Amino acid sequence: MKRHLISLAAMALSLTVAATDYDQQKPFGFCTRSSRTDATSTFDITGGGCYTYPIPEDFTGTVVVLKSNGEDMKSTIESTIKNGTNKVIILDGSDGDFIVSSTISITSSNKTILGINNARICTKWYVTQEMKDALDAAGVPSMSTSGGGGTLPNGQKVDEEAEFNTRKILIQMTGDSNEGYRKSGIFSLSGSKNIIIRNITFVGPGSIDVGGHDLISSTNGAKNVWVDHCAFMDGMDGNFDITQKSDFHTVSWCTFSYTDRSYMHQNTNLIGSSDSESVGFLNTTFAFNWWGTGCKQRMPMARVGKIHMLNNYFSCTTASNCINPRKNSEFLIDGNYFEKGVKKYYSENDSKAVTWTENNYIAEKSGLPASKGSTVTVPYEYTAAPYADVPTMVQEHAGATIFTGEPTGIQEIHDVTDCRNSHHVYNLSGQRVSSNSKGLLIINGKKVFIR
């Protein structure tokens with residue numbers, strides 16, 4: 001039975017495209033597969049068992065709600081996700097942004113992370129105008145990004161001239177010889193499986209050429225990951241990169257952009273870190289995403305994987321290269337829209353195959369680029385919207401545009417001390433009323449939320 005990609009019934013997100021109803025509340029694409037070719041090899045991606053909000057009343061898993069305490073939340077978020085009992089983690093933005101001092105490691109599987117009330121996770125460190133002025137004064141923008149380099153004052157060797165001088169200047173300005181700022185990312189999925197991340201805005205420090213962390217990275221064989229309705233801006237190295245045998249990802253209804261905080265290296269999405277990536281992995285669906293202000297390259301640049309580009313919108317007039325198929329990759333490009341002013345929309349190098357369907361539009365070109373190799377197919381059925389509907393559809397619905405309102409089905413308890421290791425349920429007076437692993441408590445200051 002054909003899976004309709006968007007058939008919207010909930011959250012007042014009604015949308016009709018070419019008489020096809022679309023559901024933005026269901027996973028689709030490669031995150032629902034376990035083979036790049038066999039349509040019968042499916043994967044039931046559930047995350048922690050629930051990925052919609054409000055949480056259904058009949059959901060029996062453990063739901064944890066976190067709010068910002070105005071300080072560094074890295075350890076709190078990391079330990080909450082790591083706890084094996086917690087299945088659904090809700091980040092409630094009603095008390096402000098979540099600030100993290102360095103990348104949160106996610107090695108667990110079977111987790112859902114949802115944002116509500118405009119939840120934003122922001123890196124604590126960021127690029128300042130003073131730093132940018134110092135880099136300009138040193139002539140960094142005109143330096144080589146492929147050769148040169150030297151040894152930094154901390155003994156680290158750097159092969160590229162621009163990166164070497166950038167890091168040298170930042171060490172001098174910050175006094176941080178350990179270069180801790182280079183870890184200014186947000187999530188790193190390592191070997192995880194069955195992960196769902198939805199409706200969160202990720203705010204980075206600004207792109208800068210220091211070989212730093214991504215806002216989100218999937219590495220070391222992370223599999224069956226659905227990242228949906230998120231906004232990515234100002235990643236230090238990349239916004240969202242997928243490398244090192246990671247596989248079966250869907251990135252849907254997300255936005256990617258850069259602000260004036262960014263300096264160099266606005267390279268947003270890398271799939272495969274080198275030509276030596278093992279073949280057979282990195283299969284990824286990009287659907288209904290928006291590459292916008294400030295994006296310059298890698299939208300995506302991909303090696304090895306089978307990459308499905310479906311109904312994405314490109315308005316990045318600063319681009320020097322958008323879609324970039326590389327070593328051993330296969331691309332199916334269907335229903336995408338490249339806005340006027342996006343002149344550098346595509347560059348094919350040494351890919352295995354690229355299929356451009358007729359359902360694509362490039363404002364700056366008459367006709368479409370030539371396809372290459374055998375026709376690329378994907379192991380799931382889908383319905384592409386006509387390219388003409390993409391700008392309105394994506395601009396209206398992409399980004400962290402769902403899940404608002406107070407947590408429902410979850411109690412708030414005050415003045416309860418550290419209960420992080422407890423499996424007891426408390427009432428609103430802080431009295432223990434039962435023993436039930438479904439009601440695991442999590443501390444956020446002195447507030448404990450349970451379901």
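As the structure is a computational prediction, the values presented were derived from the model and not from experiment.
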Cationic N near anionic O, under 4.0 Å, D247 to K223 = no
Salt bridge flag under 4.0 Å for residues R167 and E163 | yes
Check whether any side-chain heavy atom of T37 sits under 4.5 Å from a side-chain heavy atom of K306, and report yes or no.
-> yes
F338 vs W356 aromatic rings, parallel, tilted or perpendicular, using cut-offs 30° and 60°?
-> tilted
Please confirm whether R261 makes a cation-pi placement over Y126, using NZ or CZ under 6.0 Å from the six-membered ring centre and within 45° of the ring normal.
-> yes
I362 and P369, any side-chain heavy atoms less than 4.5 Å apart = yes
Looking at Y51, F248, W253, which hits ring pair (Phe, Tyr, Trp, His ring centres under 6.0 Å) with W226?
-> Y51
Hey, can you tell me if H249 and F240 have their rings parallel, tilted or perpendicular (30° and 60° cut-offs)?
-> tilted
Given F28, Y382, F331, F288, the one that forms ring pair (Phe, Tyr, Trp, His ring centres under 6.0 Å) with H308 = Y382
Under a 4.5 Å cut-off applied to non-hydrogen side-chain atoms, are S190 and T219 in contact?
-> yes
Indicate yes or no for a side-chain donor-acceptor contact from N69 to the backbone of E71 under 3.5 Å, with no hydrogens or angles considered.
-> yes
Pairwise side-chain contact, N312 with W291, heavy-atom cut-off 4.5 Å (strictly under) | yes
Any side-chain donor paired with an acceptor under 3.5 Å for N194 and N224?
-> no
Should M236 and Y181 count as side-chain neighbours, where that means a heavy-atom distance under 4.5 Å?
-> yes
Sub-4.5 Å side-chain heavy-atom contact between V342 and E364 | no
R33 side chain to A39 main-chain N or O, any donor-acceptor pair under 3.5 Å?
-> yes
